[in-house]
Protein chains: 2
Amino acid sequence: MVRPDDADGIAAAWRRERPGTPTESIGVVTRIWQIGKLLADDRARVLAELGIDRGTMDLLSVLRRAGEPYELTTRELTARTLITAGAISQRVARAEAAGLVRRTPGGAGRRAVTVTLTDAGHAEIERTVDRVLTREVELISGLPAERRRQLARELSDLLTDLTDRLGPPARTEI
Amino acid sequence: MVRPDDADGIAAAWRRERPGTPTESIGVVTRIWQIGKLLADDRARVLAELGIDRGTMDLLSVLRRAGEPYELTTRELTARTLITAGAISQRVARAEAAGLVRRTPGGAGRRAVTVTLTDAGHAEIERTVDRVLTREVELISGLPAERRRQLARELSDLLTDLTDRLGPPARTEI
DNA sequence: CCTCCTACGTTTAGGCCTAAACATAAACCG
DNA sequence: CGGTTTATGTTTAGGCCTAAACGTAGGAGG
């Protein structure tokens with residue numbers, strides 16, 4: 001197995017090939033993407049074993065976290081998630097077909113549709129969430145608690161700064 | 001615009017709804033995904049203005065960084081990228097149709113296909129790379145140089161640790 | 001009231017990816 | 001040597017997403 005280029009190697013290659021290329025961001029940006037992909041693929045594997053996909057788990061998670069009575073409008077779901085309204089509509093349709101949520105017209109807004117967790121959906125997320133989060137804690141356990149908290153703070157500062165620069169569209173997951 | 005849940009809010013919601021849920025990873029993992037998505041969407045916007053897509057830029061970047069004579073086999077491309085061999089095949093086919101690369105049978109390995117940057121492909125990546133990287137440096141300029149380097153080191157440690165735990169499949173981009 | 005406008009969802013077309021099936025050159029081996 | 005395995009790529013089927021077109025309920029304004 002070829003050892004993939006590390007971020008430092010990529011930056012060095014650009015400077016060698018094109019002296020003057022601005023490379024200061026690569027050490028952070030590339031690694032964020034690499035780590036994100038490793039974690040995302042691992043979660044997909046865990047969920048595949050449980051017979052559920054990421055989109056559905058994301059949906060059920062948001063509803064479960066909202067607390068009793070476990071319902072939100074489509075608009076609220078869109079605002080709390082990283083994806084578009086159309087994708088939410090499709091995710092909800094799939095979850096509804098699987099009996100995990102229920103759609104009922106009427107609710108808060110003008111023409112809102114309320115999405116509610118069914119008992120089956122509630123059971124599904126209970127079955128899943130600890131498995132997923134326990135696995136994740138295990139994955140980052142190489143980082144001692146204090147360094148983990150420090151990293152979280154630094155990422156929080158970066159995220160806040162980016163959000164200010166780019167407008168608000170950075171949303172949730174799990 | 002509804003303010004999205006922040007990672008701390010998500011962790012707090014899980015602890016409120018399900019005391020005992022392991023939430024220590026959320027502050028790092030969720031933020032990694034959020035930051036990654038903000039940066040990826042921004043890059044997609046920059047590239048859309050330049051009339052090129054992320055996959056193509058990624059391909060041209062890897063070839064350009066390889067240095068003269070700007071060619072790699074499909075297998076090497078797969079090893080240096082975050083995607084599957086099938087996707088590489090499709091990306092190369094698209095780039096070839098656009099005249100940006102050339103495929104020639106034969107090369108290093110057993111039955112290798114060599115992918116070479118054409119002059120048009122070379123020009124395309126020259127036109128693009130500074131724009132993309134300059135934008136990225138600007139985006140993370142809220143982080144002073146020393147903190148940026150420290151964050152890069154911490155991410156590097158985390159990535160190394162994750163790669164060891166999960167096997168080697170963490171690859172490149174840009 | 002009636003019309004227009006705006007908020008809210010859904011549907012559709014298309015893109016790109018993954019996983020798996022497929023094709024085949026080259027090497028291995030009895 | 002000739003059959004079998006292995007390394008490489010490509011193709012195909014299907015999934016999920018985005019962007020944009022499309023419906024339509026309720027207000028707002030005249």
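Just so we're on the same page: letters track the sequence lines, and every chain starts at 1. Bear in mind that the values here come from a model prediction, so they are computed numbers and not experimental data.
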Show the numbers, then the answer: is there a salt bridge (Lys or Arg N to Asp or Glu O under 4.0 Å) between Arg165(A) and Asp161(A)? CA-CA 6 Å; Arg165(A) 279 171 207 276; Asp161(A) 188 63; 2.9 Å; yes
Considering every strand and a 4.0 Å limit on heavy-atom distances, what is the contact class for Thr74(B): base, sugar-phosphate, or nothing? sugar-phosphate
Can you check the Ile88(A) CD1 to dC8(C) C1' distance for me, whole Å? 13 Å
Should we count CZ of Arg131(A) as having more than 12 external heavy atoms under 6.0 Å? no
Counterpart residues, side chain to side chain donor-acceptor pair (under 3.5 Å), relative to Arg103(B) (two or more places apart): Glu96(B)
Applying side-chain hydrogen bond (donor to acceptor under 3.5 Å, both in side chains), run through Arg15(A) and Thr23(A) and close with a yes or a no. CA-CA 8 Å; Arg15(A) 284 192 298 266; Thr23(A) 56; 2.7 Å; yes
Smallest separation among heavy atoms of Lys37(B) and Leu82(A), with atom names: CE-O, 2.9 Å
For nucleotides 14-18 of chain C, which of its nitrogen or oxygen atoms have a protein nitrogen or oxygen under 3.5 Å away, and what is each distance?
unit_1  : atom_1 : unit_2   : atom_2 : d
dC17(C) : OP1    : Arg91(B) : NE     : 2.8
dC17(C) : OP1    : Arg91(B) : NH2    : 2.7
dC17(C) : OP2    : Arg94(B) : NH2    : 3.3
dT18(C) : OP2    : Thr84(B) : N      : 3.2
dT18(C) : OP2    : Thr84(B) : OG1    : 2.9
dT18(C) : O4     : Gln90(B) : NE2    : 3.3

Once you round it to whole Å, what is the distance between C1' of dG9(C) and CG of Leu59(A)? 15 Å
